[in-house]
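Just so you know, residue 1 is the first one in the sequence shown, and it goes up from there.
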Amino acid sequence: MATIKDVAARAGISYTTVSHVVNGTRPVSDPVRDKVEAAISELGYVPSGVARSLRARATGTLGLLVPNASNPYFAELARGIEDHAERNGYSVILCNSDDDIDKQLRYLRVLVERRIDGLIVATVASDKAFAEALAGLRVPLMLVDRSLDGVTADRVQVDHERGGFLATQHLLELGHRRIACIGGPASTQVVQLRAAGYRRALAGAKVEALPVVDCAFTSPAGYAAAQALLADHEPPTAIFAGNDMIALGVLRAAAERGVRVPEQLSVVGFDDIQVSRYLYPALTTVGQSIGQLGETAAARLLARIRTPDLSAEQQLVEPTLVLRESSAAPQA
């Protein structure tokens, strides 16, 4: 592989002058620049990004830490972050922790060692060690969709409690009174807030809330939970799923049991991932522009990188109810 010294020898110009051309550190005449660029092209020389980043004290990279890259929600979020970063001259390093707290902490160390310019954390699981590690970072930080105790940082978050309320209120307005909630991992802040919205809507209508079902944010977990609910001697007429992936499992369970959606069971999800609109029946869900959420997070992080002294900003995004085919009035 060609080096900068090879370029200097081919162009017949000093190593220092070639360095100025490559790094833009000093004006160079057009004829000299032309010789250097011709030599670079002939030799296929690639400047060292690491060396340049050490000189500039910036790498042009952002870190993104997510809990489950196979979940379409995080894939769509990452796309929004990457799109905004790329338009502004940054690359994104994606790390997937698989909801593993230890792996999450290891990846955080890896990203810091890569000398990233900023970090976006979109994570479900957290613990004291991880929160302390984030609090001690000297890297601009952006949190997506949850706060962490002891960590002061910019944050953009959907109003999860409001979303849970909207989903449940919709089912109540349709006439449902036995409404189950398959929430997701009960220990997470996101699930707690969505379940609180579920309970608030039911309390306002003086309808008894069923125990919120604890499960993973996955379709197999939603499937298993729905199978148990639908096998009950008094099954629900509606299910509010804590995310769209859980709702996919609910739809599968209903189909296997011969329960027609929405005639015999209404299903409402949360997130409005792209696949939710192509299911049959198409999924009613609490929506947010996931890509736009990612763009907002990236934009704020880049603003923080440019102006480190900005005060921490908390943005709460209002969710909307997206009506599709999986919800209807219960049969008499």
Side-chain angles (χ1 to χ4, degrees), residues 24 49-50 52-67 73-97 104-105 107-163 188-190 193 288-320:
V50 173
R52 288 196 295 181
S53 69
L54 290 173
R55 286 189 292 270
R57 297 191 176 182
T59 61
T61 57
L62 305 177
L64 172 58
L65 183 55
V66 301
Y73 173 85
F74 293 109
E76 292 178 34
L77 181 75
R79 178 60 184 268
I81 291 168
E82 184 183 27
D83 284 350
H84 187 87
E86 193 274 335
R87 289 197 301 270
N88 288 273
Y90 283 81
S91 299
V92 177
I93 301 174
L94 172 65
C95 291
N96 168 45
S97 70
Q104 180 175 252
L105 189 56
Y107 268 140
L108 177 62
R109 292 173 181 145
V110 168
L111 289 170
V112 172
E113 289 170 0
R114 291 291 185 93
R115 302 176 63 90
I116 55 174
D117 296 335
L119 173 65
I120 297 175
V121 176
T123 182
V124 174
S126 67
D127 67 346
K128 184 178 179 181
F130 182 68
E132 288 176 350
L134 286 179
L137 285 181
R138 295 184 179 180
V139 174
L141 174 65
M142 182 78 197
L143 301 178
V144 178
D145 249 5
R146 70 171 298 168
S147 58
L148 293 171
D149 292 339
V151 179
T152 301
D154 293 310
R155 175 167 54 93
V156 58
Q157 178 173 331
V158 173
D159 190 338
H160 299 290
E161 196 276 344
R162 173 68 175 164
T188 64
Q189 182 189 67
V190 165
L193 290 170
Q288 53 189 303
S289 175
I290 305 171
Q292 185 58 50
L293 193 71
E295 295 235 8
T296 299
R300 180 61 186 179
L301 182 62
L302 295 186
R304 166 73 57 191
I305 291 170
R306 291 190 293 267
T307 313
D309 295 332
L310 289 174
S311 58
E313 180 178 88
Q314 315 298 316
Q315 297 184 55
L316 196 62
V317 178
E318 177 74 11
T320 58

Item to check | Check against side chain to side chain contact (heavy atoms under 4.5 Å, CB included), Y73 and L293 | outcome: CA-CA 11 Å; Y73 173 85; L293 193 71; 3.4 Å; yes
Checklist entry - Cut-off 3.5 Å, side chains only: do Q189 and S147 have a donor facing an acceptor? => result yes
Next on the checklist: For R155, run the side chain to side chain contact (heavy atoms under 4.5 Å, CB included) check against R300, Q314, E313 and tell me which one passes.
Outcome noted: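 So the option named by the test is Q314.
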Non-hydrogen atoms of [X] and [Y] that approach each other most closely:
| X | Y | result |
| --- | --- | --- |
| A297 | V144 | CB-CG2, 3.8 Å |
| G294 | I81 | O-CG1, 3.3 Å |
| L143 | A153 | CG-CB, 4.3 Å |
| L111 | G63 | CD2-CA, 4.0 Å |
| P67 | F74 | CG-CZ, 3.4 Å |
| V92 | A85 | CG2-CB, 3.7 Å |

Item to check | Polar side-chain atom of R306 near backbone of L301 as donor-acceptor pair, under 3.5 Å | outcome: no
From [X] atom [atom1] to [Y] atom [atom2], the distance as rounded to the nearest 0.5 Å:
| X | Y | atom1 | atom2 | result |
| --- | --- | --- | --- | --- |
| H160 | Q288 | NE2 | CD | 7.0 Å |
| R79 | H84 | CZ | NE2 | 14.5 Å |
| L94 | Y107 | CG | OH | 9.0 Å |
| L316 | R162 | CG | CZ | 11.0 Å |
| L77 | E295 | CG | CD | 10.5 Å |
| E132 | D149 | CD | CG | 11.5 Å |

Next on the checklist: Go through it in stages, so that I can follow the logic: the residues are L62 and I305, the test is side chain to side chain contact (heavy atoms under 4.5 Å, CB included), and I'd like the CA-CA distance, side-chain angles, deciding distance and then a yes or no.
Outcome noted: CA-CA 10 Å; L62 305 177; I305 291 170; 3.7 Å; yes
Item to check | Evaluation steps, side chain to side chain contact (heavy atoms under 4.5 Å, CB included), between T59 and R114 | outcome: CA-CA 9 Å; T59 61; R114 291 291 185 93; over 6 Å; no
Item to check | Worked verdict on L108 versus L119 for side chain to side chain contact (heavy atoms under 4.5 Å, CB included) | outcome: CA-CA 9 Å; L108 177 62; L119 173 65; 3.4 Å; yes
Next on the checklist: Are more than 12 heavy atoms, taken from residues, nucleotides or ligands other than R87, located less than 6.0 Å from that residue's CZ atom?
Outcome noted: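 Count over threshold, so yes.
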